[in-house]
Peer 1: 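Below you'll find the structure I mean.
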Amino acid sequence: MSAIAERVKQIIVEKLGVEESEVTPEANFQNDLGADSLDTVELIMEFEKEFNLSIPDDQAENIGTVGQAVAYLEENVK
Amino acid sequence: MSFKRVVITGMGALTPIGNDVSTFWTNLVAGVSGAAPITHFNAEKFRTRFACEVKGLDINNYIPRQEARKMDPFTQYAVIAADEAMKDAGFAEDSVDLDKAGVIWGTGIGGLKTFEEEVSNFATNGNTPRFNPFFIPKMIVDSASGVLSIRYGFRGPNYITVSACASATNALIDAFNYIKLGMMNVCISGGSEAAVTIAGVGGFNALKALSERNDSPETASRPYDKDRDGFVLGEGGAAIILEELEHAKARGAKIYAEMVGAGMSSDAYHITAPHPDGLGAQIVMKNAVENAGIRPEDIDYINTHGTSTPIGDPGEIKAIEKFFGEHAYELNISSTKSMTGHLLGGAGAIEAAACVMAIRDQIVPPTINHFTDDPEINPRLKLTFNKAEKREINYALSNTFGFGGHNASVIFKKYED
């Protein structure tokens, strides 16, 4: 697992109160990890803060799973 | 249409002198002060460096961390008190029509700490807006009642009453009236506050409303004492389950007391100062007694607003003497704020709980910290100084007055079938 993936997992565990084992690449924030729309907005903000970047709204809309978040960040974090 | 009768069938409390009703009441009767140096923030540079904080509380023992972090402390306190009250009321599965069960809660300020944190973040992050999506739902004053209705599935009336330090009493009054009118069967009422924060203490300090007796916090709240110098800020809250009498009987509920009267009035005088002759206070007590359909002579105990401020205390006392006449010297009076400090919007809730327990145990909790008589306070009054007193209590009256000139009073009665 990449360093980015590990940090993403820790943020999700912390914010959503789920077990590490639940945070699989396929896991959907809302359908699988119990997040509501506000939780998802908060998660995106946490990623922005942690990785010091800004995720535009139209990009953020496409981040619904753990894997999508990791892929986006791996591509955009310098 | 005949009015329904309203009884109290459950209570919960989270206070500076006890994190449940039983501990709160034991310490109230024993005369324990809840004042101590402030721990919630560094108060070194503040004029007042002590308060009546809730103590030894691990929120995670009551509310899972992920839920708790979406609540301001005033809502967390509401949940903790309401959980105790709901458990105490002992509703069996399906014993409540959830469509006729409501939540009417009182809070004076709301999510002050949340507001401070979010705005401070903005200022320290180069004025970049990065507000948390939970900021508004955590901070807004009605979030406590919203959270409680979701928690218990109560789908009836749901809102917060705001009238500064009379807020929780106004909540009880609304709940009482709607049950009386048959619009609800059950209501979680009461109130909570969490204003021991930077802006809370700083703001009340700027008003010169707080005691500055930093060398002796536990004796700072001294209502009716000659050397009182302001109120002591408190936090916490209490939940009172109000229930329609026949509904309570049908499920075999334990009944603590009956709520029989409610009064409201306004000083129409000044935004923070109480009327010097207690005019609004006289009117509110008169309204409550008339609403209960009793005589002033029936009141045995008054839990006063008595915040320990130089102007407020004598005004209320004058009002009691004017309204009750000779009976003012027969009934017992006490300010439990001498022990709990002033919970602002939550005050009416913990003081209602104190009145109900006083009726249950036939004991008047004391006004502690009396050292020196104030020539402005008539010595004939039974102010229950320093020591609890056993006496017959059939009717207890609770007064609360708020900035803005809001006055609200409620009357509880020993339950008889």
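By convention in this document, chain letters (A, B, ...) are assigned in the order of the sequence lines, proteins followed by strands, and residues within each chain are numbered from 1.
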Peer 1: Taking CG in A:Asp58 as the centre, count heavy atoms belonging to other residues, nucleotides or ligands within less than 6.0 Å. Is the count above 12?
Peer 2: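 Yes, enclosed.
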Peer 1: Near B:Lys87 NZ, under 6.0 Å, is it more than 12 heavy atoms from other residues, nucleotides or ligands?
Peer 2: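 Counting neighbours around NZ of B:Lys87, 12 or fewer heavy atoms of other residues, nucleotides or ligands fall under 6.0 Å, so no.
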Peer 1: For B:Arg130, is it the side chain, the backbone, both, or neither that has a heavy atom closer than 4.5 Å to a heavy atom of chain A?
Peer 2: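 Both backbone and side chain.
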Peer 1: Grab the two heavy atoms, one from A:Glu42 and one from B:Asn132, that are nearest each other, plus how far apart they are.
Peer 2: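 Heavy atoms only, the tightest pair is OE2-ND2, 2.7 Å.
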Peer 1: Do you know the tightest heavy-atom contact between A:Leu38 and B:Pro133?
Peer 2: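 Heavy-atom minimum between the residues: O-CG, 3.5 Å.
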Peer 1: Between A:Glu14 and B:Arg65, does any NZ, NE, NH1 or NH2 come within less than 4.0 Å of an OD or OE carboxylate oxygen?
Peer 2: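 Counted as a salt bridge, because a side-chain N and a carboxylate O are separated by less than 4.0 Å.
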Peer 1: Would you say the side chain of A:Leu16 lies within less than 4.5 Å of the side chain of B:Gln66, judging by non-hydrogen atoms?
Peer 2: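 SC-SC contact between B:Gln66 and A:Leu16 ruled out.
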Peer 1: Please report the interatomic distance CZ(B:Phe134) to CG(A:Asp36), rounded to the nearest 0.5 Å.
Peer 2: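 Interatomic distance, B:Phe134 CZ to A:Asp36 CG, rounded to 0.5 Å: 5.5 Å.
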Peer 1: Within a reach of under 6.0 Å around CG of A:Asp57, are more than 12 heavy atoms found that belong to other residues, nucleotides or ligands?
Peer 2: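 Check fails, neighbour count at 12 or below.
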Peer 1: Can you tell which part of B:Phe131 gets under 4.5 Å to a heavy atom of chain A, answering side chain, backbone, both or neither?
Peer 2: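 Just its backbone gets close to chain A.
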Peer 1: Return yes when atom NZ of B:Lys113 has more than 12 non-hydrogen atoms of other residues, nucleotides or ligands closer than 6.0 Å, and no otherwise.
Peer 2: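 Check fails, neighbour count at 12 or below.
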